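Just below is one structure, and these are the notes that go with it.
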Amino acid sequence: MKKAFIKSYGCQMNVYDSGRMADVVAEQGYAETAVADDADLVILNTCHIREKAAEKVYSELGRLRELKRERAEGGRETTIVVAGCVAQAEGREIIRRAPVVDAVVGPGSYHRLPDLIRDAQARRKGVDAEFDQVEKFASLPRPDAARIRARGVSAFVTVQEGCDKFCSFCVVPYTRGAELSRPASAILDEAQALLDGGIREITLIGQNVNAYHGEGPDGRTWSLAALIAAVAALSGVRRIRYTTSHPRDMSDDLLRAHAELPALMPYLHLPVQAGADRVLKAMNRRHTADEYRRLIDRIRAARPDIALSSDFIVGFPGETDAEFEDTLRLAAEIGFAASFSFKYSPRPGTPAADIAAQVPEPVMNERLQRLQAQLEADRQAFNRATVGRVLDVLIEKPGRHPGQLNGKTPYLQQVQVSGAVAQPGEVVAVRVTGTAPNSLFAEAVGNSAAPAALVAAA
Ligand code: 5AD
Ligand code: SF4
């Protein structure tokens with residue numbers, strides 16, 4: 001059987017897309033392999049969000065050139081495809097710079113992969129970078145049950161693609177195109193198939209997921225909250241999450257969903273990017289620092305224990321020391337449970353890349369270090385605050401040591417559970433006993449079948 005090696009860079013959208021590309025090439029007779037050396041087909045699913053991410057693909061292509069040569073000496077052909085956002089942004093330029101590449105396919109064209117691969121194998125190099133998401137979602141094959149099971153207990157489902165926000169630093173509106181919501185019935189069908197295959201946690205994903213406004217089965221336009229409520233009603237679902245949200249699209253019905261739907265996990269990734277109003281305006285974020293603070297207050301009023309996470313950019317063009325201090329202050333006030341922070345990276349074609357006052361690299365380095373030290377301390381503080389609490393853990397796999405199980409708390413903390421007898425996909429009540437840098441330790445509470453509330457009260 002022919003084999004395909006698919007490597008994902010960047011965000012969860014790419015992880016999901018890689019799964020769907022695996023489904024497409026499976027229909028063409030390719031089994032997935034985790035080893036590039038074995039692969040007759042290599043797909044790099046690339047990321048263009050920062051320069052570093054985009055450059056990774058070229059160093060990987062350098063390695064693949066050697067691999068392709070060695071395999072050719074053994075009489076074996078290798079087809080190399082570049083997919084994802086670098087494919088969309090750079091198109092044919094990739095083949096010019098790296099002639100080892102046989103085909104280039106953007107995120108809107110994955111349903112046409114079989115044609116591209118066939119052409120490539122007939123020595124016709126193709127580039128397909130159309131925005132054709134409607135057709136793509138309509139024609140991508142459904143994953144089969146065995147492959148769903150291999151994915152574990154948690155799966156992503158893309159509900160919308162693209163973004164209309166045009167933050168001035170961001171390539172996404174150009175590489176992923178205009179915002180497009182999938183019809184709710186297609187999403188619900190896909191989610192039900194995953195649940196039937198043993199998945200217990202569904203994460204609804206999109207570049208601007210809470211802007212979701214898809215056609216509902218009742219002919220009306222559904223919000224993300226309506227979609228979440230419908231997913232919560234599917235049989236077999238234990239947990240629902242969604243990411244990534246924009247502060248401007250946190251609607252009242254979504255806040256209500258956090259208050260009312262037990263399956264919707266108390267975790268929200270809500271990037272703020274910066275803490276100074278002038279910078280937020282130059283970023284075209286469409287909200288002030290205080291508007292973000294007030295929004296967080298309302299979210300916490302709806303769901304007091306919610307864990308919040310954010311993305312930050314340091315060194316946006318023109319950012320002053322005082323403006324950076326505003327970011328530190330905002331982050332400290334909110335106390336994020338998790339965060340991602342980056343040095344600003346000018347992206348070709350985005351408005352911010354043309355601003356003259358770029359911040360010098362050493363200044364960015366120093367700011368990033370300070371911010372990350374503070375965010376890490378906040379993350380540890382959040383983790384320590386769960387010690388002693390009784391929490392539900394969704395079991396994912398066996399733990400590091402015999403007798404241990406590995407899973408996640410509602411707050412997306414990785415946890416090593418001792419003393420539980422459970423299968424992946426089951427939810428057990430645990431008492432958190434301690435923290436390690438990247439996980440928690442916990443003991444199953446009494447008999448793991450006992451209701452958590454009763455044991456917690458004991
Ligand atoms: N430079 C640095 N970070 C960026 N991000 C997006 N574009 C850039 C850029 N040009 C970050 C933002 C976004 C996350 C996915 O990546 O913080 O939320
Ligand atoms: Fe990029 Fe802003 Fe859209 Fe997020 S909301 S994908 S940062 S343009």
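All ligand and atom numbering here is 1-based and tracks the order in the structure. If you're wondering where the values come from, they're calculated on a predicted model, not measured in any experiment.
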Is the cationic atom of Arg50 (NZ for Lys, CZ for Arg) positioned less than 6.0 Å from the six-membered ring centroid of Phe342 and within 45 degrees of its normal? yes
Tell me whether the NZ or CZ atom of Arg97 lies within the 45° cone about the ring axis of Tyr58 and under 6.0 Å from its centre. yes
Which protein N, O or S atoms lie under 2.8 Å from atom 2 (Fe) of ligand 2? Cys167 SG
Just checking, is any N or O donor in the side chain of Asn45 or Asp17 under 3.5 Å from an acceptor N or O on the other one? no
Any chance the side chains of Tyr411 and Asp305 put a donor and an acceptor closer than 3.5 Å? yes
Just say parallel, tilted or perpendicular for the rings of Phe166 and Tyr174, cut-offs at 30° and 60°. perpendicular
Going through the checks in order, is the ring pair (Phe, Tyr, Trp, His ring centres under 6.0 Å) test met by Phe316 and Tyr344? CA-CA 5 Å; Phe316 184 80; Tyr344 170 72; 5.6 Å; yes
Who are the residue neighbours of ligand 1 when the rule is a heavy atom under 4.0 Å from any of its atoms? Ile49, Arg50, Phe169, Gln273, Asp311, Ile313, Phe342, Lys343, Tyr344, Ser345, Arg347
pair Val104-Arg92: side-chain heavy atoms closer than 4.5 Å: no
Ring centroids only, cut at 6.0 angstrom: are His258 and Tyr242 within range, meaning strictly under it? yes
State which residue, out of Lys165, Arg176, Glu161, His246, fulfils the side-chain hydrogen bond (donor to acceptor under 3.5 Å, both in side chains) condition with Asn208. Lys165
